[in-house]
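One structure is given below, encoded as structure tokens.
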Amino acid sequence: RVQLVESGGGSVQAGQSLRLSCVVSGWTKPNYCMGWYRQTQSPDKKREGVALIDSDGATLYADSVKGRFTVSEDRAKKTLYLQMNYLNPEDTAMYYCAIEAGSGCVWGEPPTFGMDDWGKGTLVTISS
């Protein structure tokens, strides 16, 4: 059974940084795409892709986070990271990690974005 467990969320002020982690267990497929999505709390609760990385190390970023966020993985620790710098209030959301089998990453469509498995999320709150 695949499990993804996020951590590292919290409340910080605008301009500060956070690093999110996602420990993946039970995943056995050699080719994958995994990454981070976020969902605003209100009012529309829209979920959107943030950053993806595939098993070859190629990355994709949403335009809103390019230059500020960096996605990476530590295969030995089976952990996915999201380094978030220069945070602003618009980054406030629940952040989820997700994974899907296959080669390469593409931005899928909601609600599942093509992902096979999801974590339960970690909350990030940015105050101005």
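In this chain, numbering begins with 1 at the start of the sequence shown.
- Taking the side-chain contact (heavy atoms from CB on, under 4.5 Å) definition, one finds that Leu60 meets it with Leu52, Cys105, Trp107, sequence neighbours left out.
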Please tabulate, for side-chain N and O atoms in residues 70-79, each donor-acceptor pair with protein atoms closer than 3.5 Å (sequence neighbours left out).
from  : atom 1 : to    : atom 2 : distance (Å)
Glu73 : OE1    : Tyr32 : OH     : 2.8
Glu73 : OE2    : Tyr32 : OH     : 3.1
Glu73 : OE2    : Arg75 : NE     : 3.4
Asp74 : OD1    : Ala76 : N      : 3.1
Asp74 : OD1    : Lys77 : N      : 3.1
Arg75 : NE     : Tyr32 : OH     : 3.3
Arg75 : NH2    : Ser55 : O      : 2.1
Thr79 : OG1    : Lys77 : O      : 2.8

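- Under the side-chain hydrogen bond (donor to acceptor under 3.5 Å, both in side chains) criterion, Asp56 pairs with no residue at all, not counting sequence neighbours.
- Residues Gln83 and Ser17 share a closest heavy-atom pair of NE2-CB, 3.9 Å.
- Residues Met84 and Val12 share a single hydrophobic cluster, defined by chaining ILVMFWY side chains whose heavy atoms lie under 4.5 Å apart.
- The side-chain hydrogen bond (donor to acceptor under 3.5 Å, both in side chains) search around Glu48 returns Arg38, not counting sequence neighbours.
- Partners of Ser7 according to the side-chain hydrogen bond (donor to acceptor under 3.5 Å, both in side chains) rule, which considers only residues two or more places apart in sequence or in another chain, do not exist here.
- Remark: side-chain polar atoms of Glu6 are not paired, donor with acceptor, to backbone N or O of Cys22 under 3.5 angstrom.
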Start with the C-alpha gap between Val2 and Asp116, add the side-chain angles, then the distance that decides, and say whether side-chain contact (heavy atoms from CB on, under 4.5 Å) holds. CA-CA 9 Å; Val2 178; Asp116 298 324; over 6 Å; no

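- If you chain together hydrophobic residues whose side chains sit under 4.5 Å apart, Tyr37 and Val124 never meet in one group.
- The hydrophobic clustering, which links ILVMFWY residues whose side-chain heavy atoms are closer than 4.5 Å, places Ile99 and Phe113 apart.
- Lys45 is linked by a salt bridge (Lys or Arg N to Asp or Glu O under 4.0 Å) to nothing, counting only residues two or more places apart in sequence or in another chain.
- In this structure, the side-chain contact (heavy atoms from CB on, under 4.5 Å) partners of Ser103, at least two apart in sequence or on a different chain, are Asn31.
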Applying side-chain contact (heavy atoms from CB on, under 4.5 Å), run through Gln41 and Leu123 and close with a yes or a no. CA-CA 10 Å; Gln41 299 301 287; Leu123 183 62; 4.2 Å; yes

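- Applying the side-chain hydrogen bond (donor to acceptor under 3.5 Å, both in side chains) test to Gln39 and every residue at least two apart in sequence or in another chain returns Arg47.
- With sequence neighbours excluded, the residues satisfying salt bridge (Lys or Arg N to Asp or Glu O under 4.0 Å) with Arg68 are Asp91.
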Derivation and outcome, side-chain contact (heavy atoms from CB on, under 4.5 Å), residues Gln3 and Trp27: CA-CA 8 Å; Gln3 285 189 302; Trp27 184 265; over 6 Å; no

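- Sorted by first then second residue, the side-chain hydrogen bond (donor to acceptor under 3.5 Å, both in side chains) pairs that include residues 118-128, not counting sequence neighbours, number zero.
- Linking ILVMFWY residues whenever their side-chain heavy atoms come closer than 4.5 Å, directly or via other members, leaves Met115 and Val24 in distinct clusters.
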Could you go through the side-chain contact (heavy atoms from CB on, under 4.5 Å) check for Gln16 and Leu87 one step at a time? CA-CA 6 Å; Gln16 294 186 325; Leu87 286 159; 5.6 Å; no

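- In this structure, Leu20 CG and Cys97 SG are separated by 9.5 Å, a value rounded to the nearest 0.5 Å.
- Contact between Leu80 and Ile53 at its shortest, heavy atoms only, is CD1-CG2, 3.7 Å.
- Partners of Val5 by side-chain contact (heavy atoms from CB on, under 4.5 Å), not counting sequence neighbours: none found.
- Side-chain heavy atoms closer than 4.5 Å link hydrophobic residues (I, L, V, M, F, W, Y) into clusters, and following such links, even through other members, never connects Met94 to Ile126.
- Applying the ring-ring contact (aromatic ring centres under 6.0 Å, His included) test to residues at least two apart or on different chains, none of the pairs has a partner in residues 59-100.
- Taking all atoms of both residues into account, the shortest heavy-atom contact from Pro89 to Ala14 is CD-CB, 4.2 Å.
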